[in-house]
J.: 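Got a structure for you, written out below as structure tokens; questions coming shortly.
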Amino acid sequence: MAQISLTFPDGNRRDFAPGVTPAEVAASISTSLAKKAISATVDGAHHDLQWPINADARIAIHTMADEAQALELIRHDLAHVMARAVQELWPDVKVTIGPVIKDGWYYDFDRIEPFTPEDLGAIEKRMKEIINLRDVVRTEVWDRPRAIAHYEQKGEPFKVELIHGIPGDEPLRMYWHGHWQDLCRGPHLQHTGQLPADAFKLMSVAGAYWRGDSNRPMLQRIYGVAFKNRDELKAHLTMLEEAAKRDHRRLGKEMDLFHLQEEAPGMVFWHPNGWQVWRTLEDYMRRRQREAGYREIRTPQVVDRVLWERSGHWEAYRENMFIVEVDEEGAKEKRINALKPMNCPCHVQVYNQGLKSYRDLPLRLAEFGACHRYESSGSMHGLMRVRGFTQDDAHIFCTEAQIESECAAFIELLSSVYHDLGFESFDIKLSTRPEVRIGTDEDWDRVETALENAIKKVGRSYVIDPGEGAFYGPKLDFKLTDAIGRQWQCGTFQVDPNLPSRLGAEYIGEDGARHRPFMLHRAILGSFERFLGILIENYAGKLPFWLAPRQVVVAGIVSDADAYVHEVVAELRKAGVRAEADVRNEKINYKVREHSVGKVPVILAIGMKEVEERSVSVRRLGETRTDSESLTGIVATLAHEAKAPDLR
RNA sequence: GCCCCAGUAGCACAGCUGGUAGUGCGCCUCAUUCGUAAUGAGGAGGUCGGGGGUUCGAGUCCCUCCUGGGGCACCA
């Protein structure tokens, strides 16, 4: 029989009999490798060591030192071990799927009784016992009838359904972890003893629809995390604790920024500190947009349903709208209004006042528009997803020929704003024509090209998300990356020929005829609520000086210094700095601690030495060092820092 | 909307198998004037998310609604 030739990562080749497994290959190299091997990459595909190789191939044998492969196998095998543990503890539980995800895995089970947090402990314990059994993992390829019959006989309907969904030409692989068997495409470790019993943890149980479909049964999903060793697991758990500390809901309370309460779910009560940050951000955005040629407007919150019927929202968006019924005097029927969920129809009304000429275009109408949407109860989350929010919304009415330059200008504005707010990197996604759409292919070609050209013009890269555009036009989504690597979609730019048409927007062209303008929906922050949440988390509450609600606390050390403390506060306020005095009868240690915890960026301590020198002792948040500076010096420094980046 | 968990003083939490509520911080008062992350003492403060039920008796058990949290679905 002809030999096959395997090429190793170092370029060496060796011949083997066809059907040789990576395990045998590893054994032929050294007994230590055979022992350490966990899997192999054969021609770019990750396989387990039992995978027979029947043709010439490139092969790399992996050990636990190969991070990516090791983690994939650990997490994947733990999913199986967990499912085995669950079925051993509760034999009536039906199994479904259990994929590897970021940092771990999950497995979905069908069981009538809910899993409790205590159950997780029991499952974890059983998993550790299984790992200690060092059960061999083996695999077989089965034909479909056998697999289906097997699962039908075992009473595993979800597995049967899965098999029906697998393409007919794909081999069905069965894996055994000891006596426990599961349908799986692999790869897996050689025995359960290769799993790190002290480097995984079951995290939570949650409901999840079978196959992600809300019409299908709800299963119980158990999430776990796993790493190569105990230290990495500990590091991960520590990281989660750190992330929890920057949770905007927690910081919002600690810094006295805002609160939510049950009489107004999803609507924010802004406290003085939080509202200060909002106003600073809003003032900044107002200046930036004015410079960029936007005109600010203000439109109604409550609008009659007839406008929403004309705009199409009544049909498409009704269930997300807050409806307001009004008994009008003398009227036979109640008048139905809706709180606006979006600003666009109102903006068209402003545009429609007075006949517009092509000379008026592009017309950029901006509004910090307060909108209300009835979000489903389960989707709300702190400031990140609310029912009452304010968009930094604007609509640009323009001709088709102006789309490209408007888009380019928008990206540059957005980029500059993100930079000023501390976000250096963002990604652009271009969503193109969906299956169901209006307009001709030529229309779409031109507009999509205009957006692509605009992105190229400003020297940005982008990815295309085919078919994800709105039914009326393509859009750009802008995702910024925060300090801990999370991405947030904030900015958007959408091309819309539809709404101007529905609401009868027109302009008189050079030719003297009436034309339909395009409408560009765009936002940079998205919503103020959500963006403030992102800012708080990005900075872990330590907002840059210009945004910080309380910028300076002037803390007296002895009461004889009180008069000078107040003088320092007055000087700072005169210079445009948000300063307050702390002349309480407390020790300086206490004051420093309290204001540090409160994330005040600068504490100025004042004792008799400072009174005599007309100086201040400066302590910056996060530092333990203190500097002595003259009063005039610190006022000048802080007055500069207090200015928004566009005013410096 | 769906599944699970939770809802006790301003905040963070304790309160076992039902016997009528406790700790820390904060707050108030007094003393202390003390140089860079918590000075000491005293005091006030809760119809235990709402409603209903079981019970001689419910923060504790049951039902229901609301809100929050973790997910899933949703986000024209």
Side-chain angles (χ1 to χ4, degrees), chain A residues 101 106 108-120 203-223 244 247 249-250 253-254 256 259-266 311-321 341-342 344 373-382 384-387 434 436 469-472 475 489 494 496 498-499 526-527 530 553 555-562 583-598 600 603-610 617-628:
Chain A
I101 53 173
Y106 67 76
D108 286 347
F109 299 98
D110 184 40
R111 180 189 183 217
I112 294 161
E113 294 293 307
F115 290 113
T116 64
E118 295 74 57
D119 290 340
L120 294 190
M203 301 298 283
S204 61
V205 49
Y209 296 110
W210 169 235
R211 303 211 138 176
D213 183 342
S214 58
N215 296 314
R216 312 201 65 177
M218 172 129 326
L219 306 170
Q220 296 189 60
R221 174 173 299 179
I222 300 177
Y223 285 93
D247 188 308
R249 291 166 300 187
R250 175 172 172 161
K253 210 170 276 176
E254 286 175 6
D256 195 17
H259 85 270
L260 295 142
Q261 67 183 52
E262 61 180 274
E263 288 82 357
S311 71
H313 288 91
W314 195 259
E315 193 188 358
Y317 207 68
R318 169 89 170 75
E319 73 268 23
N320 283 302
M321 290 162 72
M342 293 167 203
C344 19
R373 294 181 190 172
Y374 187 80
E375 300 286 356
S376 64
S377 58
S379 65
M380 288 188 294
H381 178 88
M384 300 305 190
R385 186 97 176 255
V386 288
R387 286 179 175 162
V436 182
F471 70 90
Y472 47 75
K475 64 170 178 177
Q489 199 238 294
Q494 298 187 25
D496 183 3
N498 178 56
L499 200 60
S527 97
R530 180 160 174 274
V553 169
I557 297 170
V558 292
S559 51
D560 283 347
D562 287 0
V583 292
R584 291 175 301 170
N585 179 13
E586 295 291 351
K587 294 173 79 165
I588 191 65
N589 291 293
Y590 181 89
K591 296 182 183 181
V592 165
R593 176 181 154 76
E594 185 175 280
H595 298 122
S596 298
V597 168
V600 176
I603 298 170
L604 301 182
I606 306 287
M608 289 320 287
K609 177 167 163 283
E610 285 73 22
S617 170
V618 185
R619 183 185 170 119
R620 300 256 176 186
L621 182 58
E623 294 176 10
T624 50
R625 190 171 53 102
T626 58
D627 292 319
S628 181

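Here is how names work: the chains are called A, B, and so on, in the same order as the sequence lines, proteins then strands, and each is numbered from 1.
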J.: How many Å lie between CG on A:Asp213 and P on B:A73, as a whole number?
T.: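 In whole Å, B:A73 P lies 10 Å from A:Asp213 CG.
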J.: Mind checking who B:G68 pairs with, Watson-Crick or G-U wobble, both distances under 3.5 Å?
T.: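 Pairing partner, where one exists within any strand: B:C5.
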J.: In this structure, how many angstroms lie between the C1' atom of B:C72 and the CG atom of A:Asn215, rounded?
T.: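 Computing the A:Asn215:CG to B:C72:C1' distance gives 13 Å.
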J.: Rounded to the nearest angstrom, tell me the gap between atom CG in A:Asn589 and atom P in B:U39.
T.: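 After rounding, the reported distance stands at 6 Å.
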J.: Assign A:Gly382 to base, sugar-phosphate, or nothing according to its heavy-atom contacts below 4.0 angstrom with the strands shown.
T.: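 Sugar-phosphate, backbone atoms only, no base.
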J.: Could you tell me which residues satisfy side chain to side chain contact (heavy atoms under 4.5 Å, CB included) with A:Met380, sequence neighbours excluded, listed by chain and number?
T.: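 Testing A:Met380 for side chain to side chain contact (heavy atoms under 4.5 Å, CB included), a comparison that skips the adjacent residues, returns A:Pro265, A:Glu375, A:Arg387.
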J.: Whole-Å distance between B:C74 P and A:Met321 CE?
T.: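 Nearest whole value for this atom pair: 22 Å.
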J.: If only side-chain N and O atoms of A:His259 are considered, is one of them under 4.0 Å from the OP1 or OP2 phosphate oxygen of B:C11?
T.: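 Result: no.
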J.: Looking only at atom C1', what distance separates B:A12 and B:C27, rounded to whole Å?
T.: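 Taking atom C1' in both B:A12 and B:C27, they lie 15 Å apart.
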J.: Mind checking if A:Gly312 touches a base, just sugar-phosphate, or nothing, with heavy atoms under 4.0 Å?
T.: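 The residue A:Gly312 makes no contact with any strand.
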J.: Measure from the side chain of A:Tyr590, starting at C-beta and using heavy atoms only, and say which of B:A37, B:U67, B:A38 lies closest.
T.: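 Of the options given, the side chain of A:Tyr590 lies nearest B:A38.
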J.: So what's B:G43 paired with, Watson-Crick or G-U wobble, going by both distances under 3.5 Å?
T.: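 Paired with B:C27.
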J.: Tell me the closest heavy-atom pair linking A:Ile606 and A:Glu610, and the distance in Å.
T.: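 Distance-wise, the nearest heavy atoms are C-OE1, 3.9 Å.
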J.: Is there, by distance only and without an angle test, a donor paired with an acceptor across the side chain of A:Arg385 and the base of B:C74 below 3.5 Å?
T.: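 Counting by modelled atom types and ignoring angles, a donor-acceptor contact under 3.5 Å is found here.
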J.: Crowded around A:Gln261 CD? As in, over 12 foreign heavy atoms under 6.0 Å?
T.: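 Yes, enclosed.
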J.: Can you name the atoms? Protein N/O to nucleotides 1-3 of chain B N/O, anything below 3.5 Å, with the distance.
T.:
residue : atom : partner  : partner atom : Å
B:G1    : OP2  : A:Ser377 : OG           : 2.9
B:G1    : N7   : A:Gly378 : N            : 3.3
B:G1    : N2   : A:Tyr209 : OH           : 2.5
B:C2    : O4'  : A:Tyr209 : OH           : 3.4
B:C3    : O2   : A:Gly207 : N            : 3.1

J.: Please give the distance between the C1' atoms of B:U20 and B:C72 as a whole number of Å.
T.: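 Going atom to atom, C1' in each nucleotide, I get 42 Å.
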J.: Heavy atoms under 4.0 Å, any strand shown: does A:Met380 hit a base, just sugar-phosphate, or nothing?
T.: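 Since only primed, P, OP1 and OP2 atoms lie under 4.0 Å of A:Met380, the category is sugar-phosphate.
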J.: Quick one: does A:Gln220's side chain have a donor or acceptor within less than 3.5 Å of a partner on A:Val205's backbone?
T.: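 No, the answer is negative, given that no donor and acceptor are paired below the 3.5 Å cut-off.
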J.: Counting Watson-Crick and G-U wobble pairs only, both distances under 3.5 Å, name the nucleotide matched with B:U17, or none.
T.: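 Checking every strand shown, B:U17 finds no partner, since no pair has both distances under 3.5 Å.
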J.: In the structure shown, which nucleotide is the Watson-Crick or G-U wobble counterpart of B:C48, with both distances under 3.5 Å?
T.: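 Across all strands, not a single nucleotide pairs with B:C48.
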J.: Does a distance-only test, which skips hydrogens and angles, find a donor-acceptor pair under 3.5 Å between the side chain of A:His595 and the base of B:A37?
T.: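 No, no donor-acceptor pair under 3.5 Å.
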J.: B:C11, B:C27, B:G35: which one has an atom nearest the side-chain heavy atoms of A:Lys253?
T.: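 The listed nucleotide nearest to A:Lys253's side chain is B:C11.
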J.: Using a 3.5 Å distance criterion without hydrogens, assess whether the side chain of A:Asp119 forms a donor-acceptor pair with backbone atoms of A:Thr116.
T.: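 Yes.
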J.: Quick one: are A:Arg249 and A:His381 in side-chain contact, heavy atoms under 4.5 Å?
T.: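 Yes, side chains in contact.
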J.: Using a heavy-atom cut-off of 4.0 Å across all strands, would you classify A:Phe109 as base, sugar-phosphate, or nothing?
T.: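 Contact class for A:Phe109: none.
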J.: Looking only at atom P, what distance separates B:C13 and B:U29, rounded to whole Å?
T.: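 Here B:C13 and B:U29 have their P atoms 29 Å from each other.
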J.: Rounded off to whole Å, could you give me the CD-to-C1' distance for the A:Glu586 and B:G40 pair?
T.: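 A:Glu586 atom CD is separated from B:G40 atom C1' by 11 Å.
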J.: Please give, in whole Å, the distance from B:C74 P to A:Arg318 CZ?
T.: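 Checked: the CZ to P distance equals 22 Å.
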J.: With respect to the side chain of A:Glu262, which nucleotide from B:C66, B:G70, B:C74 is positioned closest?
T.: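 Nearest to the side chain of A:Glu262 among the choices is B:C66.
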J.: Take the protein atom CD of A:Gln261 and the nucleotide atom C1' of B:G10, then report the distance between them rounded to whole Å.
T.: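 So the CD-C1' distance, A:Gln261 to B:G10, works out to 13 Å.
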J.: Within the pair A:Arg111 and B:C4, is there a side-chain N or O less than 4.0 Å away from OP1 or OP2?
T.: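 Answer is no, no contact under 4.0 Å.
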J.: For a quick check, tell me whether the side chain of A:Glu610 and the base of B:G35 share a donor-acceptor pair closer than 3.5 Å.
T.: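 A donor-acceptor contact between them is present.
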J.: Taking only the P atom of each, what is the distance from B:G15 to B:U8 in whole angstrom?
T.: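 About 14 Å, rounded to a whole number of Å.
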J.: Residues two or more places apart in sequence or in another chain: which of them pass side chain to side chain contact (heavy atoms under 4.5 Å, CB included) with A:Asp213?
T.: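 Result, side chain to side chain contact (heavy atoms under 4.5 Å, CB included) vs A:Asp213: A:Asn215, A:Arg216.
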J.: More 5' along RNA chain B: A:Tyr317 or A:Arg584, using each one's nearest nucleotide?
T.: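 Result of the comparison: A:Arg584.
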J.: Take A:Ala470 and A:Ile112, find for each the nucleotide of RNA chain B with the closest heavy atom, and name the residue whose nucleotide sits nearer the 5' end.
T.: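 Closest to the 5' end, via its nearest nucleotide, is A:Ile112.
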J.: If I pick the P atom on B:G26 and the same atom on B:G42, what distance separates them, to the nearest angstrom?
T.: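 Straight-line distance between the two P atoms is 15 Å.
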J.: Of all the nucleotides listed (B:A37, B:C72, B:G35), which has the minimum atom distance to the side chain of A:Tyr223?
T.: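 Ranking B:A37, B:C72, B:G35 by closest atom to the A:Tyr223 side chain puts B:C72 first.
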J.: I need the CG-C1' distance between A:Asp562 and B:C34, as an integer number of Å.
T.: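 Atom CG in A:Asp562 sits about 14 Å away from atom C1' in B:C34.
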J.: Please give the distance between the P atoms of B:C4 and B:A44 as a whole number of Å.
T.: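 It comes out at 44 Å once rounded to the nearest Å.
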J.: Tell me what A:Met342 touches on the nucleic acid: a base, only sugar-phosphate, or nothing, going by heavy atoms under 4.0 Å.
T.: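 Base contact.
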J.: Taking the C1' atom of each, how far is B:G19 from B:G52, in whole Å?
T.: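 Their C1' atoms lie roughly 22 Å apart.
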J.: Could you check which nucleotide pairs with B:G59 in any of the strands shown, counting Watson-Crick or G-U wobble with both distances under 3.5 Å?
T.: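 Result: none.
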J.: Determine the interatomic distance between C1' on B:A31 and the same-named atom on B:G68; round to the nearest Å.
T.: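 B:A31 and B:G68 have their C1' atoms separated by 43 Å.
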J.: Applying a 3.5 Å limit to both distances, which nucleotide forms a Watson-Crick or G-U wobble pair with B:C74?
T.: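 Across all strands, not a single nucleotide pairs with B:C74.
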J.: Before giving the answer on side chain to side chain contact (heavy atoms under 4.5 Å, CB included), spell out for A:Ile603 and A:Lys591 the whole-Å C-alpha distance, their side-chain angles and the decisive distance to 0.1 Å.
T.: CA-CA 9 Å; A:Ile603 298 170; A:Lys591 296 182 183 181; over 6 Å; no
J.: Quick check: closest heavy atoms across A:Arg318 and A:Trp314, and the distance to 0.1 Å?
T.: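 Closest approach of A:Arg318 to A:Trp314, heavy atoms only: CB-O, 2.9 Å.
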